[in-house]
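Given the structure is predicted, the values throughout are model-derived calculations rather than measurements. Every number for a ligand or one of its atoms is a count from 1 in the order of the listing.
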Amino acid sequence: MSKVLILPGDGIGKEIVNQALKVINYLNQYQALEMELVHGLIGGSAYDKTGNPLPDKTIDDAKQCDSILLGAVGGYKWESLARELRPEKGLLGIRSQMDLFANIRPAILYSTLADSSTLKKEIVAGLDIIIVRELVAGIYFGKPRGIKQDNNQRYGFNTATYSESEIRRIGHSAFKIARLRNKNVCSVDKANVLEVCELWREVMTEVAKDYPDVKLSHMYVDNAAMQLVRQPKQFDVIVTSNLFGDILSDCAAMLTGSIGMLPSASINEDGFGMYEPIHGAAPDIAGKDIANPLATILSVAMMLRYSLNNSLLADKIEKAVEDVLEQGYRTKDIATSKDKIIGTNEMGDLVVESLKSNQ
Ligand code: NAD
């Protein structure tokens, strides 16, 4: 029996998590999944109910669970709140309190979706790369930070810091993942300009000595951004810092046609993971039954594979998603003129139907 904390969050969060719950409920009932669900609050909806975007109860519940399934947080409604009360603070808080330092973001292009990419088919067809992003340190957390008044004008400042141990552990995560794949790690930095990246490069090179079977290369982040759209299939595993990973993984996501398709995992040293789609709360489409729920459904598959040791059911979910796409069903974000456009709810139902027929 595994115990999973469900945090729908804000915006489209509830709609897309509801589709993932349909899948979990089906697997619980018919495929002996035995997943116990605990429901909790995070983000703007948590702030509205408790005055805190990350209530203590959410952290307490997380500590009693094996994993978290998260929708997304954020929205216009909370943008004028003090920074520490904003929804995003809840997300950053749970990542750092559970020490979820390794963010694993696959960018896979299903062959049926090759037309949805903005790049030429031959550049992206068969794409299968993983970006391993450091998630709990770097410039998003470094101090000092703030905006100050000096000489009659305001200065904004943040601090990019990485300790040797923070770099080392994310390096090990990337090399271990590469070992299960094509054994290539590309470490992305800006070592020509930033000292923090100079250390990043040195430590990655040291970590590589423990993995003689894996090839390490280094690339500056500006070049990596260019190479991702020029020749993305040259990569296998990219490992990078919090800020660079944030940007590059969204860029990689677009190669696949929609950020609505991509799951992610954030894992700590004990294997506890938080699983979530890579996109945000999409307030512009919330409540319209048009959000793509597949990234969230695929996040359940990642959870089964990486934290709950159930690759069999993970494969079944991925196959069910692939089958629905093959039948030509698409939410609006991934549709071309010849596809059957369906809503969020129907997509969830179809994935369950597909699971049933593949039993
Ligand atoms: P976003 O990912 O929410 O949306 C970007 C664009 O992609 C929008 O046009 C949106 O409609 C579309 N989109 C996103 N998910 C989709 C889906 N499943 N199906 C179809 N289309 C989808 O990013 P944003 O607009 O920059 O941010 C909106 C809010 O979300 C902000 O408050 C931001 O802080 C927050 N955010 C949260 C997370 C998270 O919870 N992990 C991540 C990024 C942004």
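Between the S357 side chain and the S354 main chain, a donor and an acceptor come within less than 3.5 Å of each other.
Salt bridge absent: K3 and E34 never bring a charged side-chain N and a carboxylate O closer than 4.0 Å. Look at E88 and R83 and you find no salt bridge, because none of the NZ, NE, NH1 or NH2 atoms lies under 4.0 Å from a carboxylate O. For the pair D236 and K183, the salt-bridge criterion is not met [side-chain N within less than 4.0 Å of a carboxylate O]. Between D250 and R105 there is a salt bridge, since a side-chain N of the basic residue sits under 4.0 Å from a carboxylate O of the acidic one. Salt bridge annotation for E322-K319: absent, with no cationic side-chain nitrogen under 4.0 angstrom from a carboxylate oxygen.
Of the listed residues (N292, I285, D333), the one carrying the non-hydrogen atom nearest atom 22 (C) of ligand 1 is I285. Between I334, V73, I259, it is I259 that holds the heavy atom closest to atom 5 (C) of ligand 1. Closest heavy-atom approach to atom 32 (O) of ligand 1 among the candidates E88, H279, E276: E88.
Protein heavy atoms are absent from the space less than 4.0 angstrom from atom 27 (O) of ligand 1. Within the 4.0 Å cut-off (strictly below), a protein heavy atom is located near atom 15 (N) of ligand 1.
Around NZ of K340, the count of heavy atoms belonging to other residues, nucleotides or ligands within 6.0 Å exceeds 12.
Considering backbone and side-chain N/O atoms, G71 never comes within less than 3.5 Å of an N/O atom of ligand 1. By the 3.5 Å distance cut-off applied to N or O atoms, D284 is counted among the residues near ligand 1. On a distance-only criterion, G260 and ligand 1 share no N/O pair closer than 3.5 Å. In terms of polar-atom proximity, A282 is counted as a contact of ligand 1, with an N or O under 3.5 Å from an N or O of the ligand.
Under the 4.5 Å side-chain criterion, counting only non-hydrogen atoms from C-beta, V136 is not in contact with M98. Side chains of L313 and N310 form a contact here, defined as non-hydrogen atoms less than 4.5 Å apart. Inter-residue side-chain proximity for P232 and I123 is flagged as met; some heavy-atom pair is nearer than 4.5 Å.
Ligand-side atoms of ligand 1 in range of A291: 19 (N), range being under 4.0 angstrom from any heavy atom. Near G74, meaning under 4.0 Å from any of its heavy atoms, are these atoms of ligand 1: 32 (O). Shown in contact with G75 at under 4.0 Å from a heavy atom are these atoms of ligand 1, numbered in order with element: 32 (O). Applying the 4.0 Å criterion to heavy atoms of A72 picks out, from ligand 1, the atoms 40 (O).
At the shortest separation from atom 30 (O) of ligand 1 among protein heavy atoms lies A281 N, 3.1 Å. At the shortest separation from atom 39 (C) of ligand 1 among protein heavy atoms lies L91 CD2, 3.5 Å. Shortest contact from atom 38 (C) of ligand 1 to any protein heavy atom: G280 CA, 3.4 Å.
For I12, every heavy-atom contact with ligand 1 shorter than 4.0 Å involves the side chain, none the backbone. At a heavy-atom cutoff of 4.0 Å, ligand 1 is contacted by the side chain of P283 but not by its backbone.
The cationic atom of R169 (NZ for Lys, CZ for Arg) lies less than 6.0 Å from the six-membered ring centre of F101 and within 45° of the ring axis.
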